[in-house]
Visitor: 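Before anything else, here's the structure in question.
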Amino acid sequence: QLQLVESGGGLVQPGGSLRLSCATSGFILRFYAIGWFRQAPGKEREGISCIASSRTAGGSTKYADSVKGRFTISRDNAANTVYLQMDSLKPEDTSVYYCAAGISCDEADYGAKYWGQGTQVTVSS
């Protein structure tokens, strides 16, 4: 069974930081690209970051313009976990954040096939 479980969300003030974790099981993490997505109420789901599979591109990463310079994605293959470090958070970052396993960071929606349940991030004073 392929599983991804997000954690680390919560309430944070503008300018603050959070670190999200995506714990995976049921597959070999290094064979997959892992993407982070977010979706706020009434808005479309947005792909915000991706880290490439280790077999194809090691730890190469990409970011949406909306988070570039503020968010950092990383992976620990031994721990089967992908992280999203979020700094300088803004109210517009408020969303449910999802991680997903896919084929390639260069494909639409990173070719995501397997999804977690999401974790809520709220940025508010």
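Numbers here simply count residues along the sequence, with the first being 1. Computation of the quantities below employed the complete heavy-atom set of this structure, encompassing side-chain atoms and omitting hydrogens, waters and symmetry-equivalent molecules.
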Visitor: Please walk me through it: do Thr122 and Val12 pass side chain to side chain contact (heavy atoms under 4.5 Å, CB included)?
Guide: CA-CA 6 Å; Thr122 302; Val12 64; over 6 Å; no
Visitor: Can you tell me how far OG of Ser7 sits from OH of Tyr83, rounded to the nearest 0.5 angstrom?
Guide: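 So the OH of Tyr83 and the OG of Ser7 are separated by 9.0 Å.
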Visitor: Indicate, with yes or no, if Met86 and Leu11 share a hydrophobic cluster defined by side-chain heavy-atom contacts under 4.5 Å among Ile, Leu, Val, Met, Phe, Trp and Tyr.
Guide: no
Visitor: When rounded to the nearest 0.5 angstrom, what distance separates CG in Leu18 from CD in Gln85?
Guide: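 Reported value, rounded in 0.5 Å steps: 8.5 Å.
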Visitor: Nearest 0.5 Å, please: how far is CD1 in Ile103 from CG in Asp109?
Guide: 13.0 Å
Visitor: Return the CZ to CG distance between Phe71 and Leu89, rounded to the nearest 0.5 Å.
Guide: 5.0 Å
Visitor: Just by distance, with hydrogens left out, do Asn80 and Ser25 show a side-chain donor and acceptor under 3.5 Å apart?
Guide: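 There is no such pair between these side chains.
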Visitor: Anything under 3.5 Å between a donor and an acceptor, one on a side chain of residues 110-117, the other on a protein residue two or more places apart or in another chain? List them.
Guide:
from: Tyr110; atom 1: OH; to: Ser49; atom 2: N; distance (Å): 3.4

Visitor: If you take all heavy atoms of Leu20 and Gly9, which pair is closest and at what distance?
Guide: CD2-N, 3.6 Å
Visitor: Between Ile34 and Tyr63, is there a shared hydrophobic cluster once you connect ILVMFWY residues whose side-chain heavy atoms come closer than 4.5 Å?
Guide: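 They do share one cluster, since a chain of ILVMFWY contacts under 4.5 Å joins Ile34 to Tyr63.
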Visitor: Listing request: all salt bridge (Lys or Arg N to Asp or Glu O under 4.0 Å) pairs with a residue in residues 76-103, at least two apart in sequence or in separate chains.
Guide: Arg38-Asp93, Arg70-Asp93
Visitor: For Leu84 and Ile48, which heavy atoms make the closest approach, and how far apart are they?
Guide: CD2-CD1, 4.0 Å
Visitor: Over all heavy atoms of both residues, which pair between Leu4 and Cys22 is shortest? Give the atoms and the distance, please.
Guide: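 Scanning both residues, the minimum pair turns out to be CD2-SG, 3.7 Å.
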Visitor: Output the distance between atom OG (Ser104) and atom NZ (Lys62), rounded to the nearest 0.5 Å.
Guide: 7.5 Å
Visitor: Test Phe37 against Ser95 for side chain to side chain contact (heavy atoms under 4.5 Å, CB included), laying out the working first.
Guide: CA-CA 9 Å; Phe37 299 79; Ser95 281; over 6 Å; no
Visitor: May I ask you to check if Arg45 and Tyr98 form a cation-pi contact, with NZ or CZ under 6.0 angstrom from the six-membered ring centre and within 45° of the axis?
Guide: no
Visitor: Identify the heavy atoms of Val96 and Gln120 that sit nearest to each other, and give their distance.
Guide: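 In this case the closest contact between Val96 and Gln120 is CG2-OE1, 3.3 Å.
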Visitor: Kindly compute the distance separating OG (Ser54) from OH (Tyr32), expressed to the nearest 0.5 Å.
Guide: 13.0 Å
Visitor: Using modelled atom types only, decide if a donor and an acceptor are shared between the side chain of Arg75 and the backbone of Leu29 within a distance under 3.5 Å.
Guide: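 Looks like yes, one N/O pair under 3.5 Å.
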Visitor: Hey, does the side chain of Ser53 reach the backbone of Ala33 with a donor-acceptor pair shorter than 3.5 angstrom?
Guide: no
Visitor: Would you say Ser66 and Glu46 are linked by a side-chain donor-acceptor pair, where the criterion is simply a distance under 3.5 Å?
Guide: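 Per modelled atom types, Glu46 and Ser66 side chains form a pair under 3.5 Å.
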Visitor: Identify the heavy atoms of Ile73 and Trp36 that sit nearest to each other, and give their distance.
Guide: CD1-CD1, 3.4 Å
Visitor: Side-chain contact test, heavy atoms from C-beta onward, threshold under 4.5 Å: evaluate it for Pro14 versus Pro91 and give yes or no.
Guide: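 Yes, close enough: below the 4.5 Å cut-off.
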Visitor: Going through the distances and angles, do Ser124 and Thr94 end up as a side chain to side chain contact (heavy atoms under 4.5 Å, CB included)?
Guide: CA-CA 8 Å; Ser124 177; Thr94 297; 5.9 Å; no
Visitor: Can you check whether Ala23's main-chain N or O pairs, donor with acceptor, with Ser21's side chain at less than 3.5 Å?
Guide: no
